[in-house]
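In the text below, chain A, chain B and the rest are named by the order of the sequence lines, each starting its count at 1.
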Amino acid sequence: MPALSDAERILAAIRAIPRGQVAGYGQIAHRAGLPGRARLVARILSGNEDPELPWHRVLRSDGRIALPPGSKGWREQARRLRAEGLQVVEGRVRMPRAESALDAALWGPR
DNA sequence: CTCATGACTAGCT
DNA sequence: TAGCTAGCCATGA
């Protein structure tokens, strides 16, 4: 039996996102050793109940909040991100221009 | 088995 | 940047 399930590795990858930083669904999947499983990450998050999990740091590849615009979760995520010093406009996280050259730089150091 | 659904992506216009 | 399309994968009917 595997030491860690896919879900556990994904949760670990999410918990590893530093405060004030964000990561994409695909990135989380990749870091968890599950390339191409972005939708699995989304599935895990939708069913998550751990209040300690920094789920608000997970965004879509285009930097937008994945939840339905205007929904309760959407507002909560935007609120938490701003609370960590990030600029959120129209459900979209704006990153410093100097570091937006590539995704790797965009999402911060591994 | 097929079909629909969803906190997804990448490519093209 | 926005809109559309096709591909993707796990679940449940």
- Gap in Å between the two P atoms, one belonging to dA6(C) and one to dA7(B), rounded: 22 Å

- With P as the reference atom in both, quote the distance from dC9(C) to dG11(B) in angstrom, rounded to an integer. 16 Å

To the nearest angstrom, how far is [X] atom [atom1] from [N] atom [atom2]?
| X | N | atom1 | atom2 | result |
| --- | --- | --- | --- | --- |
| Leu40(A) | dC8(B) | CG | P | 13 Å |
| Asn48(A) | dG6(B) | CG | P | 20 Å |
| Asp62(A) | dT1(C) | CG | P | 9 Å |
| Asp6(A) | dA10(C) | CG | P | 8 Å |
| Trp74(A) | dA7(B) | CH2 | P | 16 Å |
| Glu49(A) | dA7(B) | CD | C1' | 15 Å |
| Ile44(A) | dG6(B) | CD1 | C1' | 14 Å |
| Ile10(A) | dA7(B) | CD1 | C1' | 13 Å |

- Contact class for Trp55(A) (heavy atom, under 4.0 Å): base, sugar-phosphate, or nothing? base

Please list each protein N or O that sits under 3.5 Å from an N or O in nucleotides 3-8 of chain C, with the distance.
from, atom 1, to, atom 2, distance (Å)
dC8(C), O2, Arg39(A), NH1, 3.3

- Task: Check salt bridge (charged side-chain N to carboxylate O under 4.0 Å, His left out) between Arg37(A) and all other residues, then give those that pass, not counting sequence neighbours.
- Result: none

- Quick one: salt bridge (charged side-chain N to carboxylate O under 4.0 Å, His left out) partners of Arg80(A), sequence neighbours excluded? Glu76(A)

- Less than 4.5 Å apart, any side-chain heavy atom of Asn48(A) and any of Ile14(A)? no

- Below 4.5 Å, heavy atoms only, C-beta onward: do Gln77(A) and Leu59(A) meet side chain to side chain? yes

- Message: dA7(B), OP1 or OP2 - any side-chain N/O from Ser46(A) closer than 4.0 Å?
- Response: no

- Just to confirm, is there a sub-4.0 Å distance from OP1 or OP2 of dA2(C) to any side-chain nitrogen or oxygen of Arg92(A)? yes

- Closest to the Arg60(A) side chain: dA10(C), dA2(C), dT9(B)? dT9(B)

- Among dC8(B), dA7(B), dA10(C), which nucleotide sits nearest the side chain of Arg43(A)? dA10(C)

- Query: Tell me the salt bridge (charged side-chain N to carboxylate O under 4.0 Å, His left out) pairs involving residues 12-30 of chain A, sequence neighbours left out?
  - Reply: Arg15(A)-Asp50(A)

- Partners meeting side chain to side chain contact (heavy atoms under 4.5 Å, CB included) with Ala83(A) (sequence neighbours left out): none

- Task: Please identify each residue that fulfils side-chain hydrogen bond (donor to acceptor under 3.5 Å, both in side chains) with His30(A), with sequence neighbours left out.
- Result: none

